[in-house]
Amino acid sequence: MNATALAVALCLASAVTYAAAAVAQERLARRAVARTAAALLGNGAWWWSAGLNAAAALLHAAALRYGPLTLVQPLGALTLVAAVPLGARGAGRRVAATEWRGTLATVVGLGLLLLPASGPAPDDALTLAEALGVSGATAAVIVLLTARKDPRSGLRHATASGLASAAASALTQTVAVAGGRGGALLSGRVVTVGLLVVVFAVGGMLLSQRAYRGGLGAPLAVVNLANPLAAAAIGMILLGERIQGGALGILLAVAGALAATRGVLLLTRTPPGVPAPPRPAESRPLRPVM
């Protein structure tokens, strides 16, 4: 199995695991279990979802060792695709036709994105200065997005979660690439960047937990759009990653992005955690009153 195929397989496993964690987190949020940090830490179901997140993160980190950010991050949108049937099953309903259309559009869009994004295994990593710069800029934007408190802040928290996850992925790739070059695992750069990965990974999970108070579909869609866009920007600006295939590759990437965006928008119309409305009871003829 070549590096690209291995990265894709690891991404698929990561997406399914992330989807299971997201569905579990959304259920906790709907039951108002996740109102305070103390409530989260004392809840066994939340620790189960945190364990799923950790397992998904490890799979994602392994994928980043074998594939570039421009390939690995778009596949994260498959988390939403996996969350649709998982959420529907948990809510005791069937997947709606709109959700199936959204799933198809998302998969086709991701396929088009993968063609020009498929490249060699990454061999470049962020310097310590670049890692600190990315971390500082991401933290500043997250603060701006979450500083104002209001009941409809779910999508802003979802955007912040996506940015935190993108930063964690870029930093994870630096640890994976630099740490794999023999004898560099305990270097100052790898240790510092590793600590930053933990901060952004945990922060992204807590931000998504806050976002899911308003439902799963729209926040998870925003997370899965913000994440690859931010990660691709980091990869292209700082790591020298490029879209393959020249002008044709760019056209395929644009078409894929449009199709995936359309699919995500369709998927947000019926949140996975909300059961379908019950069918109206059949009317029965009234008996005459004696």
Side-chain angles (χ1 to χ4, degrees), residues 7-29 48-64 67 69 71-91 95 99-100 102-111 113-114 117 154-155 157-169 172 200-201 204-212 215-232 256-257 259-268 270-273:
V8 170
L10 289 167
C11 283
L12 292 176
S14 175
V16 173
T17 309
Y18 268 130
V23 171
Q25 285 182 279
E26 189 267 344
R27 288 178 186 170
L28 290 172
W48 170 249
S49 70
L52 288 173
N53 266 302
L58 290 175
L59 291 167
H60 188 75
L64 287 167
L69 280 170
L71 168 66
V72 173
Q73 294 307 110
L75 281 170
L78 289 175
T79 298
L80 182 61
V81 177
V84 169
L86 288 176
R89 182 176 181 180
V95 180
E99 293 174 300
W100 284 127
T103 299
L104 178 62
T106 303
V107 171
V108 170
L110 287 170
L113 278 170
L114 287 177
L155 295 185
H157 280 78
T159 303
S161 176
L163 295 178
S165 299
S169 296
T172 297
F200 281 109
M205 183 179 67
L206 294 177
L207 287 166
S208 65
Q209 180 72 73
R210 173 64 181 81
Y212 294 151
L216 179 65
L220 187 56
V222 171
V223 169
N224 282 279
L225 283 175
N227 189 334
L229 290 176
T261 300
R262 172 63 177 167
V264 167
L265 291 175
L266 286 172
L267 287 169
T268 62
T270 306

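Just so we're clear, the structure is a prediction, and the values are computed from it rather than from any experiment. Throughout, numbering of the chain's residues begins at 1 and tracks the sequence.
- A 4.5 Å side-chain heavy-atom check between Pro219 and His157 finds every atom pair outside the cut-off.
- Side-chain atoms of Ser14 never come within 3.5 Å of backbone atoms of Leu10 as a donor-acceptor pair (strictly under, hydrogens ignored).
- Here the closest non-hydrogen pair linking Ala83 and Ala19 is N-CB, 3.6 Å.
- Here the straight-line distance linking atom CE of Met205 with atom CG of Leu52 works out to 11.0 Å at 0.5 Å rounding.
- Atom CG of residue Leu207 and atom OG1 of residue Thr159 lie 10.5 Å apart, to the nearest 0.5 angstrom.
- Considering OH of Tyr18 and OG of Ser165, their distance stands at 6.0 Å, rounded to 0.5 Å.
- Scanning both residues, Cys11 and Ala63, for their nearest heavy atoms gives SG-CB, 3.7 Å.
- Considering every non-hydrogen atom in both Ala211 and Ala158, the closest pair reads CB-N, 3.7 Å.
- The closest side-chain heavy-atom distance from Arg262 to Leu266 is below 4.5 Å.
- Of all the heavy atoms in Gly109 and Ala259, the pair that sits closest is CA-CB, 3.7 Å.
- Heavy atoms only, all atoms of each residue included: Val16 and Leu86 are closest at O-CD1, 4.4 Å.
- The shortest heavy-atom contact between Thr172 and Ala61 is CG2-CB, 3.3 Å.
- Here the straight-line distance linking atom CZ of Arg210 with atom OG of Ser161 works out to 12.5 Å at 0.5 Å rounding.
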